[in-house]
Number of protein chains: 2
Amino acid sequence: MVPAGRRASKAFRSVTSRETEKRSWGMDRFVSTFTNKIDAKGRVSIPASFRAVLERDGYAGGLYCYPSLDASALDAGGERLAKKIDGLLAGLPDYSDERDELSVALYGDVQVLTIDGDGRIVLPESLRVHANLDAAVTFVGLGDKFQMWEPKAFEERRKEARSKVQVTRKLFAAGGRSSEDDGDEGARE
Amino acid sequence: MVPAGRRASKAFRSVTSRETEKRSWGMDRFVSTFTNKIDAKGRVSIPASFRAVLERDGYAGGLYCYPSLDASALDAGGERLAKKIDGLLAGLPDYSDERDELSVALYGDVQVLTIDGDGRIVLPESLRVHANLDAAVTFVGLGDKFQMWEPKAFEERRKEARSKVQVTRKLFAAGGRSSEDDGDEGARE
DNA sequence: TCTAATCCCATGCGATCCCATATATGCCCG
DNA sequence: CGGGCATATATGGGATCGCATGGGATTAGA
């Protein structure tokens, strides 16, 4: 079905030759961080590069989104993420307490958000509350999925992660990569 | 879809031998939670997305509904749920006490509710009492079925479920995954 | 005939669609 | 090598549509 339909095609059709390079590493995983505004109607634009990933991920008309279990943030992703959750439940016996609880915590909290023709979503009240979102959202790529944070809150979180980043950088340094790619603030973990 | 507007539910003996076993729950699974009001006549609107699921679940004009076995809530679903119950009973030895009890507990209290042209149902007194429903109902998607809770009661249940899942999750983490941001890195299919 | 359940229509609010604008980035061409 | 045109994304706002909800009309049941 791909309701992304009309408008979307325009947005994604570009993919010109020189983009290929970017695509090789950036199109199949959520990477980097972006901060977009929430407008008066509660809409937020999903970063274009994330949308591209969703497309490749077998995006079937919706973005799966739910409150992070251990942080004031939201987790989101496409089919790949959905299957993962499904698989987790599939392993548990029907009508077991364990399954019921997991079901409530996962299925019950999951929202299937539709992406409009302009690449935006509307965050339901419950989700916005969980992540304390009001004026803006910071999208953080995490590979198979991405998170949405309240900008300030993410800054805090990022500081905490700083130490680990140090370790990571050393590994990269050994490999020889230094100056960063593209895009934006180049801030990622 | 049958967006044909309100009434369209009437004669829907529509068949459906089990559709394609598509694994994406966008349309064939009950997900998310919604809270709707009960009006003066005792009617409640079933969330539109749930109705869509019921229609493709081989919904034959009625909604199977019965008191949850272990909670003050109601379980409901379409054909798929009915089959699942059958399967569950089939797994137990015939003539066992366990089976008898379950049969009575499940089949005995099952109500087949009709959905009116506007997508609403009327909950029988007995069911309303079991779940302490009065002014509003919280619909909770659980994949193959969904539950109906008294809003306040569900909040409690949700908190409980989430805290328990925290524990479950730690077990998963301990089993071979980084403890932090549960990066699903290497886990795609 | 009276009461209760069902049907049908009306309405309000929120969600969605579509178009317009702004800002950044790249590209072509002089 | 620099300026202007083309493209893409983000954002704003108006117009619409769908859904939840309410209430009157109608039918069924006692």
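Below, chains carry the letters A, B, ... as their sequence lines are ordered, and counting in each starts from 1. We use all heavy atoms of the structure for the numbers below, so side chains are in, but hydrogens, waters and symmetry mates are not. These numbers were taken from a predicted model, which means no experiment stands behind them.
Comparing D:dT11, D:dT9, C:dT16 against the side chain of A:Ser45 picks out D:dT11 as the nearest. Picking from D:dT11, C:dC17, D:dT9 the nucleotide with the shortest atom distance to the side chain of A:Lys37 gives D:dT11. Nearest nucleotide to the B:Asp118 side chain, out of D:dG14, D:dT11, D:dG22: D:dG22. Side-chain atoms of A:Arg43 lie closest to C:dC17 of the nucleotides D:dA20, D:dA10, C:dC17. Of the candidates D:dG22, D:dG13, D:dA10, the closest approach to any side-chain atom of A:Lys41 belongs to D:dG13.
Evaluated for a ring pair (Phe, Tyr, Trp, His ring centres under 6.0 Å) with B:Phe146, the options B:Phe50, B:Tyr64, B:Phe154, B:Phe34 yield exactly one hit, B:Phe50. The one candidate from B:Val137, B:Leu123, B:Val122, B:Leu74 that meets the side-chain contact (heavy atoms from CB on, under 4.5 Å) condition with B:Arg128 is B:Leu123. For the side-chain contact (heavy atoms from CB on, under 4.5 Å) with B:Arg120, the qualifying choice from B:Thr114, B:Leu113, B:Asp39 is B:Asp39, the only one to do so.
Atom pair A:Ile121:CD1 and D:dT11:C1' shows a separation of 15 Å (rounding to whole Å applied). Between the C1' atom of D:dA10 and the CZ atom of A:Arg120 lies a distance of 8 Å, rounded to the nearest Å. In this structure, B:Phe50 places its CZ atom 11 Å from P of D:dA20, rounding to the nearest Å. Across the protein-nucleic acid pair, B:Asp116 atom CG and C:dC9 atom P stand 13 Å apart, rounded to whole Å. The distance between atom CG of A:Leu127 and atom P of C:dA15, rounded to the nearest whole Å, is 12 Å. Summarising the geometry, the separation between CD1 on A:Ile115 and C1' on D:dT11 is reported as 17 Å, rounded to the nearest angstrom. Rounded to whole angstrom, the span from the CZ atom of A:Phe34 across to the C1' atom of C:dA24 amounts to 14 Å. At whole-Å resolution of the value, CG in A:Leu123 and P in C:dG14 are 17 Å apart.
Counting any heavy atom pair closer than 4.0 Å across all strands shown, A:Ile46 reaches sugar-phosphate atoms only and no base atom.
OP1 and OP2 of C:dA15 both lie 4.0 Å or more from every side-chain N or O belonging to A:Thr114.
For the pair A:Glu160 and A:Arg157, the salt-bridge criterion is not met [side-chain N within less than 4.0 Å of a carboxylate O].
Residues passing the side chain to side chain donor-acceptor pair (under 3.5 Å) test with B:Arg51, sequence neighbours excluded: none.
If you find the closest nucleotide of DNA chain D to A:Ile38 and to B:Arg51, the one lying nearer the 5' end belongs to A:Ile38.
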